[in-house]
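Okay, so here's the structure we're looking at.
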Amino acid sequence: MLEPFKEPVFITKPLLPEIEELSAMLEAIWASNQLSNNGTMVKQLERELAGYLGSEQLSVFSNGTVALQIACRALRLSGEVITTPFTFAATVHSLMWSNIKPVFCDIEEDTFNINPDCIEALITQDTTAILPVHVFGRPCNVEKIQKIADKYGLKVLYDAAHTFGVKIDGKPVSAFGDVSMFSFHATKVYHTIEGGALTFNTPYLKERADLLRNFGILDTGTVMEPGTNGKLNEVQAAVGILLLKKVEAEIEGRKKATELYRKYLDNIPGITVSSDVEGVTHNYPYFVIKIDRDEYGLSCDEVFSKLKEYNVISRRYFYPLCSNFQCYRDIPSAAASRLPIANKVADSVLSLPLHGRLPADHVEKICDIIKGIRP
Ligand code: T4K
């Protein structure tokens, strides 16, 4: 019988800058008295991120959710937007906050991403865009999605919250669609404690988003439109600048832990793990297993509870499905009968602890527990 972990092993452990380095940055901020409103640190971070993410047009925001809302405004989206129900609440909520009706589209069983083959049937006269999510860092079928968007004159706004640094055949994910949103929340591969970024395919969209994140103010005498406050502050930008130097090692550590998980979980009946996609440069944001209840003998919920007894705190990302939330379930496209794959996936997927500093023996023990609890 395995002993429980002495301390809880959480789904993630935030990457932290060296405290001495951060102190030096804080001293510079203190000396400057510039704490917010597009200061030196924010400008430096934007330059460095534009280089790292391979997008000339990039702006940072106070969080990914506000960034998505601003993207909806910058793109002048209205009416209906087709999106996935298998995502974090923020994706769909951002549409509702922008007075846009979400239209749910089913997903692919192997990638968990929006199924491009189901999109066209959902397009109406009111559709203005597609909002796909690169779920768990695995890129969507960007080419098929773009073809549909071009055919119907739709915008594509990618929720790229999980795909910091991901590339498709050497091209950064930000190269696809009109706008991409990256989340810099503390639980992400790369973060600014709270924060986010948008990348744009034209300078015009960046200009609009920059206005919108600063109340719509152009200059002291001119307010262009009702903007919001979506600014990142200087202290968070400093964290971001320091973590950019550590992110490669973090991704490498995550890759190693992912490979170990894959090795130890191989050949357990009823447990499926994902593999890398050819041509994709991955960033390993989550380690997800798919549980076949009949074959494995326990449901996702039961595995979650059993792991908790061993002090392993897994997460059922993304359960419940957004389409089953009280606030969305009455939308016609939210009917479970129209989203069979999404409902099946949400019932069977579990995220296990993963970060770049997760010790190999922790991974091994978590896998031993998963083997051991099987009835
Ligand atoms: N789109 C997608 C696809 C997203 O996944 C997200 C965010 C967004 C949009 C919106 O982006 P942001 O507006 O957040 O930038 C977390 C995050 O809060 C959220 O950012 C993330 N997705 C989502 C998938 O996960 P929770 O409710 O699961 O987080 P929480 O507080 O339970 O943290 C999980 C574990 O991480 C804790 O058990 C312990 C550890 N942790 C967490 C924090 C915050 C720490 O060790 N230290 C910490 O400071 O939502």
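What you are looking at is a predicted structure, and each value in this text was computed from that prediction instead of being measured. Remember, it's 1-based here, ligands and their atoms both numbered in the order they're listed. Hydrogens, waters and symmetry mates are skipped; everything else that's a heavy atom, side chains included, is used.
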Between Arg213 and Glu46, does any NZ, NE, NH1 or NH2 come within less than 4.0 Å of an OD or OE carboxylate oxygen? yes
Check each of Phe164, Phe182, Tyr190 against Tyr52 using the ring pair (Phe, Tyr, Trp, His ring centres under 6.0 Å) test, and report the only one that passes. Phe164
Quick test of your reading of the model: are Glu225 and Arg73 salt-bridged, counting only N-O distances below 4.0 Å? no
For Lys167, all residues meeting side chain to side chain donor-acceptor pair (under 3.5 Å), sequence neighbours excluded: none
If you apply the rule side chain to side chain contact (heavy atoms under 4.5 Å, CB included), what do you find for Tyr284 with Asp276, and how did you get there? CA-CA 9 Å; Tyr284 309 96; Asp276 285 358; 2.7 Å; yes
So which protein residues pack against ligand 1 under 4.0 Å, heavy atoms counted? Phe10, Ile11, Thr12, Pro14, Asn63, Gly64, Thr65, Thr87, Phe88, Ala90, Thr91, Val133, Asp159, Ala161, His162, Met181, Ser183, His185, Thr187, Lys188, Gly195, Tyr286, Arg315, Tyr317
With side chain to side chain contact (heavy atoms under 4.5 Å, CB included) as the test, pick out the partner of His93 among Cys322, Ser98, Cys327. Cys327
